[in-house]
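This is a predicted model, so every value here is computed, not measured.
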Amino acid sequence: MADVKPKPAKIERLENDYTRRLDRQQATVHHHQWLGKRRMRRATRILAVFAVFAVVLGIQLVRTNASLHHVQQEVVGSKQKLATTKATDHKLQLQIKQLNNKDYLGRLVRSKYYYSKSGETIYSLPGDHASDVTVK
């Protein structure tokens, strides 16, 4: 097989200002297209990094909000428990004061355990503390 030489082109390129200007414009367009693709890739990467940070921070915000809601519920429950405990404490303090009063203590012992003063007679009716007498 013989080597086939390419035939010379019948069209020749003119070297003048117009053709050089067209070459520069095409090179500029090609360069801008290449820069445009490069910039788009860079912008895509930057947006991807930003999206990752936004997702991570969003998840953290949701977790923090849920934790805050849980803590607020615990605070409300603790406040209610504190209020009932204070009410119970107030009742017990009042009861302590009453038990330190000898008149009150005497009336309590007489009514609950049917004790009497000397010369005093106690009459028990069916509706009066009958359950207290039978229950130990």
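- Here the straight-line distance linking atom OG1 of Thr84 with atom CG of Asp89 works out to 11.0 Å at 0.5 Å rounding.
- Ile96 has its side chain within reach of Asn100: a pair of non-hydrogen atoms, C-beta onward, lies under 4.5 Å apart.
- Using a 4.5 Å heavy-atom cutoff, the side chains of His90 and Gln93 are not in contact.
- Side chains of Gln73 and Val76 form no contact here, defined as non-hydrogen atoms less than 4.5 Å apart.
- Rounding to the nearest 0.5 angstrom, the gap separating the CD atom in Glu74 from the NZ atom in Lys79 is 13.5 Å.
- Of the inter-residue distances, the one linking Leu61 atom CG with Leu57 atom CG reads 7.5 Å to the nearest 0.5 angstrom.
- A donor-acceptor distance shorter than 3.5 angstrom exists from the side chain of Thr44 to the backbone of Met40, with no hydrogens or angles considered.
- In this structure, Arg20 pairs ionically with Asp17, as a charged nitrogen and a carboxylate oxygen lie closer than 4.0 Å.
- Asn101 places none of its side-chain heavy atoms less than 4.5 Å from the side chain of Leu105.
- Summarising the geometry, atom NZ belonging to Lys86 is positioned 15.5 Å from atom NZ belonging to Lys91; distances are rounded to the nearest 0.5 Å.
- For the side-chain contact (heavy atoms from CB on, under 4.5 Å) with Gln25, the qualifying choice from Asp23, Leu22, Thr28 is Leu22, the only one to do so.
- Rounding to the nearest 0.5 angstrom, the gap separating the CG atom in Leu94 from the CG atom in Leu99 is 9.5 Å.
- From Arg41, atom CZ reaches atom CD1 of Ile46 across 13.0 Å, with rounding to the nearest 0.5 Å.
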